[in-house]
**Q** 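I'd like to ask you about the structure that follows.
Numbers restart at 1 for each chain; the letters A, B, ... are given by sequence-line order, proteins then strands. Computed from a prediction, not measured in an experiment: that's the story for all the values here.
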Amino acid sequence: MSEKELRREMAVLPISVVRELTGLSDRQIRYYDQQGLITPKRGAGKQRRYSLNDVDRLLEIADYLDAGYTISEIREVEHKQIIRRQQASSDAALRNALQDEFLKIGRFGNQSHF
DNA sequence: GTTCTGACA
DNA sequence: TGTCAGGA
């Protein structure tokens, strides 16, 4: 694992920073945490400490969310992503794997939304 | 002052 | 989801 990856995983960001970086309300950020979409580390006093990966994940989550996906749908895909990580070595492969999963659930394919 | 959990006019 | 309470 490269140092870059390690740094992306160090959870040092307070929720206030994540809030500005993602444009999400802290209410939403904590809610997604409850739903298991993100798992920030905890610092003194149970305070959440986010990593750059968490920020990235939140950005994606917010993206899929207003694209019409539900929390559970995202949670399922995220779960499969963990399994894929053990198989897919490159980021590109991971991306494609994710895309596939969402396409399968397909809210865009033929079903109409709105 | 900041963050946390639980709750709901 | 916003927002308030009450505590750390």
**Q** What is the ring orientation for A/Tyr69 with A/Tyr64, classed by angle as parallel under 30°, tilted 30 to 60°, or perpendicular over 60°?
**A** perpendicular

**Q** Using side chain to side chain contact (heavy atoms under 4.5 Å, CB included) as the criterion, point out the one residue from A/Val18, A/Ile38, A/Val17 that pairs with A/Val55.
**A**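 The side chain to side chain contact (heavy atoms under 4.5 Å, CB included) with A/Val55 is passed solely by A/Val18 among A/Val18, A/Ile38, A/Val17.
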
**Q** How long is the line joining CG of A/Leu65 and C1' of C/dT1, in whole Å?
**A**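 Atom CG in A/Leu65 sits about 12 Å away from atom C1' in C/dT1.
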
**Q** Figure out the CD1/P separation between A/Ile29 and B/dT3, and round it to whole Å.
**A**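 About 10 Å, once rounded to whole Å.
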
**Q** Tell me if the side-chain of A/Arg27 makes a donor-acceptor pair with the base of C/dT3, cut-off 3.5 Å, by modelled atom types.
**A**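 In this structure, the two groups form a donor-acceptor pair.
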
**Q** Scan every strand shown for a Watson-Crick or G-U wobble partner of B/dG1, both distances under 3.5 Å, and answer none if you come up empty.
**A** none

**Q** Is the distance from OP1 or OP2 of B/dT3 to the nearest side-chain N or O of A/Tyr50 less than 4.0 Å?
**A**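 So the side-chain polar atoms of A/Tyr50 never come under 4.0 Å of the phosphate oxygens OP1 or OP2 of B/dT3.
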
**Q** In whole Å, I'd like the distance from the OH atom of A/Tyr31 to the P atom of C/dT3.
**A** 18 Å

**Q** Provide, to the nearest angstrom, the distance between the CZ atom belonging to A/Arg30 and the P atom belonging to B/dA7.
**A** 16 Å

**Q** Go ahead and name the base partner of B/dA9; Watson-Crick or wobble counts if both distances stay under 3.5 Å, otherwise write none.
**A**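 Pair assignment: B/dA9 / none.
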
**Q** Using whole Å, what does the distance between atom C1' of nucleotide C/dT1 and atom CG of A/Asp33 come to?
**A**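 So the two atoms are 16 Å apart, to the nearest Å.
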
**Q** In whole angstrom, what separates A/Asp26's CG from C/dG2's P?
**A**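 In whole Å, C/dG2 P and A/Asp26 CG are 8 Å from each other.
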
**Q** Can you list the steps and then say if A/Asp100 with A/Lys104 is a salt bridge (Lys or Arg N to Asp or Glu O under 4.0 Å)?
**A** CA-CA 6 Å; A/Asp100 281 1; A/Lys104 282 180 185 174; over 6 Å; no

**Q** Provide, to the nearest angstrom, the distance between the NZ atom belonging to A/Lys46 and the P atom belonging to B/dC4.
**A** 11 Å

**Q** Measure the spacing between CG of A/Asp33 and CZ of A/Arg42 and express it to the nearest 0.5 Å.
**A** 5.5 Å

**Q** May I have the distance from A/Gln34 (atom CD) to B/dT3 (atom C1'), rounded to whole angstrom?
**A**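 After rounding, the reported distance stands at 14 Å.
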
**Q** Of the candidate nucleotides B/dT3, C/dT1, B/dC4, which contains the atom at the shortest distance from the side chain of A/Arg19?
**A** B/dT3

**Q** For C/dT1, does OP1 or OP2 lie under 4.0 Å from any side-chain N or O of A/Gln28?
**A** yes

**Q** Kindly indicate whether the side chain of A/Ile74, heavy atoms from C-beta on, has any atom under 4.5 Å from the side chain of A/Glu60.
**A**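 A/Ile74 vs A/Glu60: side chains apart.
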
